[in-house]
Amino acid sequence: MSKKKVAIFISGGGSNMLQLLDSMQGTQAASPVLVVSNDPNAAGLARAAQRGVATGAVDHKPFGQDRAAFEAKISDLLAPYQPDIICLAGFMRILSADFVAVWAGKILNIHPSLLPKYKGLHTHARAIKAGDAEAGCSVHQVTADLDDGPILGQAKLSIQPADTPESLSQRVLRLEHKLYPAVLTRFVRDDLRPVFITG
Ligand code: GAR
């Protein structure tokens, strides 16, 4: 089995990205080739570089509504690395149907809710407001529809009476750090059986 080349897209601190990098270290199945951000100042870029991973950024702001032009620049960054898999890890831009079609079946995303519940933003506040007993995170294959696509793993925990969106977000993030590497480890072996974790 040839080593799968993994690109990781981030927008912020990149704590999930770091967990993915750790999970690939010393394995034969996958290696990180590039970390990309839409924010040149994303803290995760320096963290990836410290670990010897190539980084690149395309600031989305100058492109305004021109998603195709922004994504063309992203594609230019990716081209020399020829990734087999793209992991969205806190990447806060919506990818167009055209971009997703080029990478069909090869893009994974982590989302901080128990999908199909709470697509989009403010997931933890929405779960608390709804009175849900459980919250969690999902890893799924990316399709043209936002936070949709086949689910490859979910991790969940109980919402406590004292939970705030912030406390819940921190607790779920710790589960994200377990779930995403577990899913990627299977995915690089073409194993699409979903991973389930209870925190
Ligand atoms: C994570 O909680 C991730 O699930 C979320 O952003 C955070 C990034 O944290 N992603 C989304 O909301 C995507 N819609 P990180 O930069 O520390 O990995």
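Read the numbers this way: they start at 1 and go in the same order the structure lists the ligands and their atoms.
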NZ (Lys73) with more than 12 external heavy atoms under 6.0 Å: no
Test log, rule side-chain contact (heavy atoms from CB on, under 4.5 Å), inputs Ile86 and Phe99: CA-CA 12 Å; Ile86 295 174; Phe99 186 92; 4.3 Å; yes
Are [X] and [Y] within salt-bridge range, i.e. N to O under 4.0 Å?
| X | Y | result |
| --- | --- | --- |
| Arg51 | Asp22 | yes |
| Asp163 | Arg171 | yes |
| Asp191 | Arg189 | no |
| Lys4 | Asp190 | yes |

[atom] - nearest protein heavy atom and its distance:
| atom | result |
| --- | --- |
| atom 14 (N) of ligand 1 | His111 ND1, 3.5 Å |
| atom 12 (O) of ligand 1 | Pro112 CD, 3.4 Å |
| atom 2 (O) of ligand 1 | Glu176 OE2, 2.9 Å |
| atom 7 (C) of ligand 1 | Gly90 CA, 4.2 Å |
| atom 13 (C) of ligand 1 | Met92 SD, 3.6 Å |

Step-by-step side-chain hydrogen bond (donor to acceptor under 3.5 Å, both in side chains) determination, Asp39 to Ser11: CA-CA 6 Å; Asp39 176 358; Ser11 296; over 6 Å; no
[X] near ligand 1, heavy-atom distance under 4.0 Å?
| X | answer |
| --- | --- |
| Cys137 | no |
| Gly14 | yes |
| Ile110 | yes |

Per-residue contact class, Leu121 against ligand 1 - non-hydrogen pairs under 4.0 Å: neither
Under 3.5 Å: N/O of Asn16 near N/O of ligand 1: yes
Ser15, any N or O under 3.5 Å of ligand 1 N or O: yes
Side-chain donor-acceptor contact under 3.5 Å, His177 with Ser15: yes
Which of the ligand 1 atoms, numbered from 1, are nearer than 4.0 Å to a heavy atom of Gly13: 16 (O)
